[in-house]
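Heads up: numbering here begins at 1 and tracks the sequence. All values below come from the heavy atoms of this structure, side chains included, with hydrogens, waters and symmetry mates left out. Every value quoted in this text rests on a predicted model; they were computed, and no experiment measured them.
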Amino acid sequence: MGYTIEIHQLRERGFKIAQISKRFKISRKTVYKYLEMSFEEALSEFSCSLK
């Protein structure tokens, strides 16, 4: 998913989990799942999805 990087960026900017989940129309549980990934893992996942 391409969301992972943007989710990390929004969280670093102080957005709440609920705000992020509403923005992407995904569950809070999914937001937590993406946030558990390191930024490097998220970046790797994103770059793999571009291939």
Inset, instruction - Could you grab the distance from atom OG1 of T4 to atom CD of Q9, nearest 0.5 Å is fine? - result: 9.5 Å
Inset, instruction - Measure across K16 and R11 and return the closest heavy-atom pair with its distance rounded to 0.1 Å. - result: CA-NH1, 3.7 Å
Inset, instruction - Could you tell me the separation between the CZ atom of F24 and the OG1 atom of T30, rounded to the nearest 0.5 Å? - result: 12.0 Å
Legend entry - Rounded distance [0.5 Å steps], NE2 in H8 versus CD in E12: 8.0 Å
Inset, instruction - Identify the two heavy atoms, one from Q19 and one from G14, that lie closest to each other, and give their separation to 0.1 Å. - result: OE1-O, 4.5 Å
Inset, instruction - Kindly determine whether M37 and Y34 satisfy side-chain contact (heavy atoms from CB on, under 4.5 Å), including the steps that lead there. - result: CA-CA 5 Å; M37 299 172 74; Y34 289 138; 3.9 Å; yes
Inset, instruction - Give, for atom CG of L35 and atom CG of L10, the distance between the pair rounded to the nearest 0.5 Å. - result: 9.5 Å
